[in-house]
Amino acid sequence: MVEFLDVLKADNVLQEKVRELSNVDVLLSTATKEVKGDGKKVVAIIVTDRKSGQEKEIALDGVFVQIGLSANTKLVEELVPTNERGEIIIDASCRTQTPGIYAAGDCTTVPYKQIVIAMGEGAKAALSAFEDRIRS
Ligand SMILES: Cc1cc2nc3c(=O)[nH]c(=O)nc-3n(C[C@H](O)[C@H](O)[C@H](O)COP(=O)(O)OP(=O)(O)OC[C@H]3O[C@@H](n4cnc5c(N)ncnc54)[C@H](O)[C@@H]3O)c2cc1C
């Protein structure tokens with residue numbers, strides 16, 4: 001497991017689990033530079049130790065990429081302000097900074113990207129829209 005940062009950020013319980021596995025090595029402060037193939041399949045990756053700058057090749061049979069997600073908000077980028085990560089900026093009631101446009105879930109600045117949060121935020125956005133409509 002290759003981690004760019006010098007710490008793992010997963011839940012402790014998951015970190016402990018992975019460290020118990022005898023067939024998993026955790027490489028911290030390591031940048032993946034290249035995935036190498038033989039024309040048919042993946043055979044190795046080249047990584048750089050970010051502290052020493054030293055490069056090494058690791059032979060392997062496959063790669064699973066898990067490097068986070070970016071907000072899919074291009075569609076609305078000219079309609080509502082977003083932050084540096086492309087998340088739609090909302091207030092506590094799911095109102096964007098553009099009157100009449102509401103946003104909810106992972107594409108917004110709401111902390112904790114989880115299903116239960118996204119569902120609650122969806123309900124909140126709908127209630128805010130309803131309230132604004134009734135009042136105006
Ligand atoms: C690998 C992984 C594991 C996860 N595990 C958990 C977990 O165990 N528990 C948990 O609570 N959460 C988990 N999550 C997070 C959870 O999936 C999200 O928090 C949740 O799905 C967010 O809901 P959402 O409705 O905001 O966005 P999404 O579920 O991403 O829904 C957005 C929808 O919009 C659609 N869409 C995008 N662009 C357009 C467009 N232009 N026009 C029309 N439709 C469009 C997409 O196709 C998608 O269906 C996990 C996420 C990932 C990636």
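Ligands are counted one by one from 1 in listed order, and the atoms in each one are counted from 1 as well.
Per-atom contact check: atom 28 (P) of ligand 1 does not touch the protein, criterion being a heavy-atom distance below 4.0 Å. For atom 38 (N) of ligand 1, a protein non-hydrogen atom is found at a distance below 4.0 Å. For atom 5 (N) of ligand 1, no protein heavy-atom neighbour is present inside the 4.0 Å cut-off. Protein non-hydrogen atoms do not reach within 4.0 Å of atom 45 (C) of ligand 1. Closer than 4.0 Å to atom 23 (O) of ligand 1 lies at least one heavy atom of the protein. Shown here, atom 48 (C) of ligand 1 is out of close reach of the protein: none of its heavy atoms lies under 4.0 Å off. For atom 11 (O) of ligand 1, the nearest protein heavy atom lies closer than 4.0 Å.
E16 has no carboxylate O lying under 4.0 Å from a charged side-chain N of R19, or vice versa, which leaves the two without a salt bridge. Using a cutoff of 4.0 Å between basic side-chain nitrogens and carboxylate oxygens, K41 and D61 are scored as salt-bridged.
S128 places a side-chain N or O within 3.5 Å of a backbone atom of S93 that can act as its donor or acceptor partner. Using a distance-only test at 3.5 Å, with no hydrogens or angles considered, a donor-acceptor pair links the side chain of Q15 to the main chain of L8. Using a distance-only test at 3.5 Å, with no hydrogens or angles considered, a donor-acceptor pair links the side chain of K124 to the main chain of A92. Side-chain atoms of T48 do not come within 3.5 Å of backbone N or O of G53 as any donor-acceptor pair. Looking only at distances, no side-chain donor or acceptor of D11 sits under 3.5 Å from a matching main-chain atom of V13.
The atoms of ligand 1 that sit less than 4.0 Å from any heavy atom of A118 are 22 (C), 23 (O), 26 (O). Those atoms of ligand 1 with a heavy atom of N72 less than 4.0 angstrom away are 37 (C), 38 (N). Those atoms of ligand 1 that come under 4.0 Å of a heavy atom in G105, given as number and element, are 26 (O). Contact atoms of ligand 1 toward K113: 15 (C), 19 (O) (distance under 4.0 Å to a heavy atom of the residue).
When all heavy atoms of T96 and I101 are compared, the pair lying nearest together is OG1-O, 2.7 Å. In plain terms, the two heavy atoms of I88 and A103 that are nearest each other are CG2-CB, 3.8 Å.
Looking from atom 52 (C) of ligand 1 to the surrounding protein, the closest heavy atom is L69 CD1, 4.9 Å. The protein heavy atom nearest to atom 16 (C) of ligand 1 is I115 CG1, 3.8 Å. Atom 13 (C) of ligand 1 has Q114 NE2, 4.2 Å as its closest protein atom, hydrogens excluded (heavy atom only). The shortest contact between atom 42 (N) of ligand 1 and any protein heavy atom is with L75 CD2, 4.8 Å. Atom 18 (C) of ligand 1 has D106 OD2, 3.1 Å as its closest protein atom, hydrogens excluded (heavy atom only).
K56 pairs in a side chain to side chain contact (heavy atoms under 4.5 Å, CB included) with only one of the listed residues (I45, V47, T30), which is V47.
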